[in-house]
2 protein chains.
Amino acid sequence: MSTAVSAKHSDAASLVSNTIGEITRHIRAHELGPGDRLPSEAALSRQLSVSRTVVREAFSSLAAMRLIDLRAGRRATVAELDYGAMSLVIEHGVHTEQITVQQIYDVRRTIETRTAMLAALRRTADEVERIRTHALAMRENFQRPEQVMEHDLAFHLELAKAAKNPVFSLIVGAFERVSRQTWPIGWRSRPSDAEQLEMIQIHIDLAEAIETGDPQSARDLMARHFDESVKALLAAGIA
Amino acid sequence: MSTAVSAKHSDAASLVSNTIGEITRHIRAHELGPGDRLPSEAALSRQLSVSRTVVREAFSSLAAMRLIDLRAGRRATVAELDYGAMSLVIEHGVHTEQITVQQIYDVRRTIETRTAMLAALRRTADEVERIRTHALAMRENFQRPEQVMEHDLAFHLELAKAAKNPVFSLIVGAFERVSRQTWPIGWRSRPSDAEQLEMIQIHIDLAEAIETGDPQSARDLMARHFDESVKALLAAGIA
DNA sequence: AGGGCAAACCTGTATGGCAGGTTTTTCCAG
DNA sequence: CTGGAAAAACCTGCCATACAGGTTTGCCCT
């Protein structure tokens, strides 16, 4: 696998690309925030002297990146931060074999040891509650892997949120789609109840470390979680 | 600023979304890799029983996320990993005030202390050469900020590449667009030649640590680099 | 003033068309 | 039979128009 990652120099002066640029410029110039409405397709079409088709494709592209929200009949609105697009990019990279699962685990370990620390320092009572709830739900439902996975994913996202840095949330979320597909592999590679419960216990311990506000402990637990996950994956033959 | 980051549950069964799903499924099912060609718009239009308009918007959206490449007259092809879309998402987050510059620096510090370590362990001779070249070019051109910035950005990207994990490249690249806009602020907040050269010197030292294969030293230098950058930004009043 | 209804507006999707760029086929010359 | 050029077929970028719904606005009646 190559590690080449590039960005096309987008001087591709197609009408659609230019229109996308104009729209983002409009957002910036008018200092629009999430929820604010953009001009209608017809209005932009006139204003920029392009057909409605072009404006539509520009809107469609921006919606694909989740920069704006589109709904029938309604005007387009500026969107809230959303990791949907990034998640698709990562998924695409894995499916086209440009990214391996192990590489993702390395990045997640790097990111999430940090979010664990920050969460321990910055979490609110509500967040602790939600984090703990997910950890406990993993144990309660531990015979229904589907449930365990959902709470596992939610646990990590909630923890990132408690770190109070939306960029971490974005990145953790970016791995969601891929995680849904690789999670069962990791689960099956822990064949005994004991091993599965052990993995779940780490989450419970993590919740506790975050509650008591112990960043070192939280970081170490998260690091251990990922180290053991990678070990399990390797044992299952995922190279 | 709120730290809410979500992902719309895309059961939005619009024709375009479904078509996007069908196309990505096609890529997966046929195990297409970068450069492989997709069916024509007309073919997909017939195959999925939707108008060419819908297929076009689906293609357009996928191209916006850089999952496929589009060029006039040519068939759409599967794209290589590209951080263009992610860079736009981050830029959007900053412009709509959902992300602060400081938050980005925290993430970059987390990520890049890791890439520095890995680069020291895994770099090839070629990569060392390119990294050093950029660092030296920063010093040579240090009276032309534009040049310094370009080599600075290239330095960090090249370093991520040397870490041999494309996901790190993706993330470092994701900050490129925003960095281009905030970099001058950081530069101006180091008013004296001495301070500017000191910042550049860290890059040169980093290149050396990576050449000699000293991961600890590389990590520490990178950490120091970000700590001082944040300090400079704060001094300039960027909260 | 308030509530409901109709008109105006807006987006989603479809069809047909044309200008150029690209690929494939064909066919001629050597 | 081969090399290569011309032509045909195909493809995408962009446009105009049309119509079915969903949404917003504003008016009118109570």
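Throughout, a chain's letter reflects where its sequence line sits, starting with A, and its residues are numbered from 1.
The residue among A:P39 and B:S49 whose nearest nucleotide of DNA chain C lies closer to the 5′ end is A:P39.
Shown here are the side chain to side chain contact (heavy atoms under 4.5 Å, CB included) partners of B:R46, two or more places apart in sequence or in another chain: B:A42, B:A43. With sequence neighbours left out, the side chain to side chain contact (heavy atoms under 4.5 Å, CB included) criterion links A:R130 to A:D126, A:E127, A:E158. In this view, B:S189 satisfies the side chain to side chain donor-acceptor pair (under 3.5 Å) rule with no residue, not counting sequence neighbours. Taking B:A163 as the reference, B:T115, B:L118 meet the side chain to side chain contact (heavy atoms under 4.5 Å, CB included) condition, with sequence neighbours excluded. The side chain to side chain contact (heavy atoms under 4.5 Å, CB included) check on B:A137 picks up B:N141, B:H151, with sequence neighbours excluded.
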Scoring nucleotides 19-27 of chain D by protein non-hydrogen atoms under 4.0 Å (B base, S sugar-phosphate only, - none) yields ---BSSS--
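Nucleic acid contact for B:S40: sugar-phosphate only, since backbone atoms but no base atoms lie under 4.0 Å from a heavy atom of the residue.
Between the CG atom of B:L38 and the P atom of D:dC11 there is a distance of 13 Å, rounded to whole Å. Atom CG in A:L44 sits about 17 Å away from atom P in C:dC9, given to the nearest Å. Atoms CZ (B:R46) and C1' (D:dC10) sit 11 Å apart, rounded to a whole Å. In this structure, CD of A:E41 is placed 14 Å from P of D:dC15, rounded to the nearest angstrom. Between B:D69 atom CG and D:dC11 atom P there is a gap of 19 Å when expressed in whole angstrom units. Atom CG of A:L15 and atom P of C:dA19 are 17 Å apart (whole Å). Between the CG atom of A:L70 and the C1' atom of C:dT13 there is a distance of 14 Å, rounded to whole Å. Following rounding to the nearest Å, A:R56 (CZ) and D:dC15 (C1') show an atom-to-atom distance of 14 Å.
Between B:H156 and B:H134, the distance from one ring center to the other does not fall under 6.0 angstrom.
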